[in-house]
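The structure under discussion appears below in the form of structure tokens.
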Amino acid sequence: MRNQEVADILYQIADILEIQGEIQWKFLAYRRAARTIENLSENIADVLGKQKLPGVGKAIEEKVGELISTGKLEYFEKIKKAIPPIVIEMTEIEGIGPKTAKLIYDAIKIKSIKDLEKAARSHRIQRIKGIGPKMEKAILKGLSNLKKPKRHLLGVILPIANEIYNELKQVKEVKQISLAGSIRRRRETIRDIDILVTSDKPEKVMQFFTTLDLVKKVVVKGPTKSTVNVRSDIQVDLRVVEDESYGAALQYFTGSKEHNVPLRTMVAQMGYKLNEYGVFLKETDEKVAGKTEDEIYKLFGMVWIPPELREDRGEIEAAQANSLPNLVELTDIRGDLHIHSNYSDGKSSIEDMVETAKKRGYKYIAITDHVGSVKIAGALDETTLQNQISHIRELDQQEKEIRIFAGAEVNINLDGSLDLSEDTLDQLDIVICSLHSKLRMSRKEITNRIINALSNEYLTILGHPTGRLLNKRQPSDIDLIAIFEVAKEHGKILEINAYPSRLDLNDVNSRTANQHGVLLAIDTDAHSSGQLRFMDLGVSVARRGWLERNDILNTLPLEALCKKLRIK
DNA sequence: GCCGTTTTCGGCCCGACTGTTTTCAGTCG
Ligand SMILES: Nc1nc2c(ncn2[C@H]2C[C@H](O)[C@@H](COP(=O)(O)OP(=O)(O)OP(=O)(O)O)O2)c(=O)[nH]1
Ligand SMILES: [Mg+2]
Ligand SMILES: [Mg+2]
Ligand SMILES: [Zn+2]
């Protein structure tokens, strides 16, 4: 059983317990354990009971053990009978939580969405004690977008967020402003746009915000906090505080929640209180900090923590020990080694790519079009690739500022061999190898397939290693630890593919790869010159994976890179 | 249900906004 499947069952148990009115510590414990398991690079079956897993104690360990050995959990089968799925789904509607869902279920025993819709239309919901017409209306409206995907790609949300940010920045009552929440932490997917503003006239700012042209609906509006929906139901949260509280509010609103809770717990143990307005002495309520994030973290013996690390993954302890990594930055990147041109399915010519790369200050790029017998993405045949290689060598001769490598993205065959002749492979500088077929092989088979590929002397970089597509396709079921070990053994590079829907390896797996001594390359997989800008997203993944400049292949200067990859 | 340089039992972050409230619980951030 896969980690995500185990985690999903624990999340469902938590939801059921919450609706049943169980004390919050119990269902929160299930969520904590689920989060640990879904963020594991190792397969849960390989580490359960052998390694300390935060939030997994005796009771949950036993249940997970049963789940992975039998594929079923008696306890879960039993409790889920009490609550039909629709009751849990209902809580996805804005304003409906576990208590309301339970209230409705107890009053009228709905079993499906249809039941719920009928009850709402015939006004049987608003007659339930404790519920009124507003709730009933919210349910009717909310039912239609129940099953829609709720998280957006960072790459899609960022431009919209910046647009709103820039509009608010113009307002004269706005003093300081920052994007916050998961956007500031650069999570791979984003549920909503969180913005923090400081001002002496919060009402003015809120009035402006809630009447922006792109606002479709005002969900909540208060003097310090408002929520609106824009465009196709993207939620935007605005928080307004006084200038004196900017640091505290930014710390709060950047999160994550999982970071804030243990931080506040620690602060409380030291005799203080931390909220979005500042740090206060518990005894006297005297304010002692809050203007900047830096002074808050310092006050409690920490160095400032980069937002990308604020996920409760050991950053608080590391900040106390002053052992946070010196994170890689976009400006450290010297080149891009995975690029498609109009020889295959790319939109831009090699020449255009070179020009844009030079503007970005790169010292090298590799053109890596698809090649091979599997006819995907306008794959080149070998003869065309040969022509392309000559073309690239010619261009490279003329270029002084930038080195252009000849490369290809080669399919990994079912047995792990490469779908290109040795003769041609031998002429390439950069060989990206990736899976493009049969991504659903068994864990054992696909792991061996990749290990075989990694053992091939011609492979330079393993491209988008897990094959996941955000909101579309689960990662392949791979023993990543085994992959990392083999990559390390053969000195192979693993990719952080920066394409917005891939971001593969992801943050936690990049971190684990690095801990196993594997070098990573951040590649955009650009299909047009404009897409070279995706590098920013890849760097964010690396930063969230605690990676430093030296952990990334393409921060190397040209000469060092050539030496490392034995390119003449 | 989990966890421990105060603890093996007693805590577990802290605050804003709304609807249906007659004094605040529920939901959300
Ligand atoms: N202290 C504290 N802070 C919270 C809590 N819930 C949310 N926050 C803070 C931290 C979050 O990063 C921030 C924004 O909340 P969001 O619900 O928008 O979450 P976030 O942006 O982190 O992720 P998402 O929107 O799901 O992509 O508010 C909470 O329960 N306690
Ligand atoms: Mg958010
Ligand atoms: Mg939010
Ligand atoms: Zn590609």
Side-chain angles (χ1 to χ4, degrees), chain A residues 10 13-14 17-19 21-36 52-64 75 90-104 125-139 142 180-183 191-196 202 206 210 218-228 235-241 245 248-280 282 285 300-301 312 316-317 320:
Chain A
L10 296 180
I13 291 174
L17 293 177
E18 186 177 15
I19 287 182
E22 193 42 274
I23 55 157
Q24 60 171 319
W25 317 116
K26 190 160 166 174
F27 63 79
L28 287 177
Y30 276 92
R31 280 194 194 132
R32 176 78 224 281
R35 178 161 63 88
T36 294
K52 202 179 113 39
L53 301 171
V56 180
K58 197 164 170 293
I60 295 182
E61 179 177 325
E62 218 164 79
K63 292 188 172 69
V64 172
Y75 172 71
M90 258 173 72
T91 64
E92 285 169 30
I93 299 169
E94 169 89 42
I96 311 289
K99 294 285 195 272
T100 311
K102 176 82 163 21
L103 202 59
I104 294 173
I125 303 270
Q126 58 167 296
R127 286 202 294 271
I128 300 169
K129 192 157 158 274
I131 298 177
K134 293 239 160 129
M135 281 283 187
E136 188 176 83
K137 242 183 142 182
I139 290 172
S182 49
I183 296 184
R191 187 184 57 91
D192 66 353
I193 298 170
D194 299 296
I195 305 177
L196 173 70
M206 284 307 183
T210 52
V218 179
V219 183
V220 296
K221 185 179 173 192
T224 80
K225 179 181 147 180
S226 296
T227 298
V228 302
Q235 182 180 316
V236 186
D237 286 351
L238 182 69
R239 203 64 220 257
V240 184
V241 296
S245 295
L250 187 58
Q251 193 292 313
Y252 151 74
F253 211 28
T254 297
S256 65
K257 178 184 174 183
E258 289 73 20
H259 171 84
N260 287 353
V261 170
L263 182 71
R264 288 177 176 203
T265 305
M266 190 195 84
V267 166
Q269 279 167 359
M270 294 170 77
Y272 297 83
K273 181 180 67 173
L274 171 63
N275 59 28
E276 60 266 53
Y277 302 108
V279 180
F280 303 84
K282 234 189 218 167
D285 224 29
F300 298 104
D312 189 28
I316 292 177
E317 295 76 6
Q320 284 172 324

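The basis for the numbers below is simple: all heavy atoms, side chains too, and nothing from hydrogens, waters or symmetry mates. Just so we're on the same page: letters track the sequence lines, and every chain starts at 1.
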To the nearest angstrom, how far is A:Q251 atom CD from B:dG29 atom P?
18 Å
Please work out if A:I93 contacts a base, only the sugar-phosphate, or nothing of the nucleic acid, heavy-atom cut-off 4.0 Å.
sugar-phosphate
In terms of side-chain geometry, is the basic nitrogen of A:K273 or A:D285 positioned less than 4.0 Å from the acidic oxygen of its partner?
yes
Take the protein atom CD of A:Q24 and the nucleotide atom C1' of B:dT27, then report the distance between them rounded to whole Å.
13 Å
Taking atom P in both B:dC2 and B:dT6, what distance in whole Å separates the two?
24 Å
Strictly below 4.0 Å, N to O, side chains only: are A:E18 and A:R31 in salt-bridge contact?
yes
Whole-Å gap separating P (B:dT27) and CG (A:D237):
18 Å
I'd like to check the salt bridge (Lys or Arg N to Asp or Glu O under 4.0 Å) partners of A:E317; sequence neighbours left out, ordered by chain and number.
none
Using the P atoms only, state how far B:dT23 lies from B:dC17, rounded to an integer number of Å.
23 Å
Protein proximity profile, nucleotides 4-15 of chain B - base contact B, sugar-phosphate-only contact S, no contact -, cut-off 4.0 Å on heavy atoms:
--B-----BBBB
In the structure shown, which nucleotide is the Watson-Crick or G-U wobble counterpart of B:dG29, with both distances under 3.5 Å?
B:dC14
Take atom C1' in B:dG1 and the same atom in B:dG19, then report the distance between them in whole Å.
33 Å
Send over the distance from A:Y30 OH to B:dC2 C1', rounded to a whole Å.
11 Å
Answer yes or no: does a side-chain N or O of A:R31 lie under 4.0 Å from OP1 or OP2 of B:dG1?
no
Can you tell me the distance, in whole Å, between the CD atom of A:E136 and the P atom of B:dT20?
10 Å
Closest to side chain of A:K134, choosing from B:dG29, B:dG26, B:dG19:
B:dG19
Nucleotide of B:dT18, B:dC2, B:dT27 approaching A:K221 most closely (side-chain heavy atoms):
B:dT18
Taking side-chain hydrogen bond (donor to acceptor under 3.5 Å, both in side chains) as the test, write out the residues that go with A:T227, two or more places apart.
A:D237
With heavy atoms under 4.0 Å as the rule, sort A:L263 into base, sugar-phosphate or nothing.
nothing
Please compare A:S226 and A:G130 by the position of their nearest nucleotide in DNA chain B and report the one closer to 5'.
A:S226
Could you work out the separation of B:dT21 and B:dT27 based on their P atoms and round it to a whole Å?
15 Å
Expressed in whole Å, how much space separates the C1' atoms belonging to B:dC13 and B:dT22?
30 Å
Contact summary for A:P223 and A:V240, nearest pair of heavy atoms:
O-CB, 4.3 Å
Evaluate the side-chain proximity of A:M135 to A:I128: yes if any heavy-atom separation is below 4.5 Å, no if none is.
no
Sub-3.5 Å donor-acceptor pair from the side chain of A:E258 to the main-chain atoms of A:D312, do we have one?
no
Considering only the P atoms, how many Å lie between B:dC28 and B:dT20, rounded to the nearest integer?
15 Å
At under 4.0 Å, does any side-chain N or O of A:T224 touch on OP1 or OP2 of B:dC17?
yes
Between B:dC24 (P) and A:K129 (NZ): distance, integer Å
16 Å
Distance check, C1' atoms only: B:dT7 and B:dC12, in whole angstrom units.
13 Å
Which word best sums up how the rings of A:Y75 and A:Y30 line up, parallel for under 30°, tilted for 30 to 60°, or perpendicular for over 60°?
parallel
In whole angstrom, what separates A:F27's CZ from B:dC2's C1'?
15 Å
How far apart are the closest heavy atoms of A:K282 and A:Y272, and which atoms are they?
CE-O, 3.8 Å
Nearest to the side chain of A:T100, which nucleotide is it out of B:dG29, B:dC17, B:dT27?
B:dT27
Taking atom C1' of B:dG29 as reference, at what distance in whole Å does atom CD of A:E94 sit?
10 Å
